[in-house]
Amino acid sequence: MADWERAFQDLLAARGASLRAYGYLLTGESAAAADLLQDALLRVFSRLRVGGDVTQLESYVRRAMLNQYVDGARRAGLWRAKRHLLVQPVEHHDDPGPASDVRQALATLSPRLRACVVLRYYEDLTVPEIAEQLACAEGTVKRYLADARAKLAERLAVPEETIK
């Protein structure tokens with residue numbers, strides 16, 4: 001077995017579920033999360049001289065997922081703005097409940113805002129770490145988080161102070 005195959009199997013065995021959950025939080029859809037993870041794994045393992053450190057590989061894959069999500073959302077927005085709509089969009093009806101409400105509220109955020117929320121509250125990164133991940137200033141991250149909290153509070157009908 002080649003070194004990259006062993007590293008690939010070790011990464012998926014140790015952190016596969018966490019990477020899938022990260023992708024789901026970014027995209028909000030199981031199938032899109034699986035596609036995002038698969039594309040990120042392809043990017044990382046096709047370009048990298050792979051070592052055996054699972055933690056380092058996981059950080060490469062997470063970064064690739066984040067970049068691909070933000071870029072893909074930007075491209076999709078440009079495409080939607082320029083194409084002619086031929087059919088009515090399909091409506092998805094989630095089960096009622098708090099988790100469904102949170103998913104719907106997250107879906108209303110822009111890709112950058114959603115990425116900041118996921119990095120801050122799921123990955124538990126600090127503002128400087130998020131700024132480094134997104135290649136932007138700390139003040140920009142703070143603004144994104146404040147905007148996201150305000151939108152989520154409004155959408156979920158809770159006081160903004162309760163969203164920390």
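Every value quoted in this text rests on a predicted model; they were computed, and no experiment measured them. Along the sequence shown, the residues carry numbers beginning at 1.
Here the CD atom belonging to Q56 is positioned 11.5 Å from the CG atom belonging to L11, to the nearest 0.5 angstrom. Atom OH in Y121 sits 14.0 Å away from atom CG in L25 (nearest 0.5 Å). Rounding to the nearest 0.5 angstrom, the gap separating the CZ atom in R43 from the CG atom in N67 is 7.5 Å. A distance of 7.5 Å separates CD in E138 from OG1 in T126, rounded to the nearest 0.5 Å. The CE atom of M65 sits 10.5 Å away from the CG atom of D35 when rounded to the nearest 0.5 Å. In this structure, CG on L12 lies 7.5 Å from CZ on R20, to the nearest 0.5 angstrom.
When each of V158, L106, L156 is checked for a side-chain contact (heavy atoms from CB on, under 4.5 Å) with D101, only L156 meets the rule. Test D147, L109, L134 against C116 for side-chain contact (heavy atoms from CB on, under 4.5 Å) and you get one pass: L134.
The two residues Q68 and A40 have their closest heavy-atom pair at OE1-N, 4.0 Å. Taking all atoms of both residues into account, the shortest heavy-atom contact from G23 to A33 is C-CB, 3.3 Å. Across all non-hydrogen atoms, the minimal contact from V117 to A148 is CG2-CB, 3.4 Å.
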L66 vs Y22, test: side-chain contact (heavy atoms from CB on, under 4.5 Å). Steps then yes/no.
CA-CA 9 Å; L66 179 63; Y22 181 64; 3.8 Å; yes

side-chain contact (heavy atoms from CB on, under 4.5 Å) evaluation trace for L145 with V127:
CA-CA 9 Å; L145 288 171; V127 169; 4.3 Å; yes

Should R103 and Y24 be marked as a side-chain contact (heavy atoms from CB on, under 4.5 Å) after you check the CA-CA gap, both sets of side-chain angles, and the distance that decides it?
CA-CA 10 Å; R103 273 195 303 274; Y24 179 79; 2.8 Å; yes

Apply side-chain contact (heavy atoms from CB on, under 4.5 Å) to F8 and L57, showing your working.
CA-CA 9 Å; F8 183 81; L57 286 173; over 6 Å; no

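Counting heavy atoms from C-beta outward, E123 and Q133 have side chains that stay 4.5 Å or more apart. The shortest side-chain heavy-atom distance between V141 and L119 does not fall under the 4.5 Å cut-off. Looking at R62 and S18, their side chains come closer than 4.5 Å, going by heavy atoms from C-beta outward. Contact check for R149 versus R120: no side-chain heavy atoms found under the 4.5 Å cut-off.
Within the 3.5 Å criterion, the main-chain N or O of L26 finds a donor-acceptor partner in the side chain of Y69.
Counted within 6.0 Å of CD on E132, heavy atoms from surrounding residues, nucleotides or ligands total 12 or fewer; the atom is thus considered open.
Residue Y60 is not grouped with residue L42 when hydrophobic side chains (ILVMFWY) are merged at heavy-atom distances under 4.5 angstrom, including chains of intermediate members.
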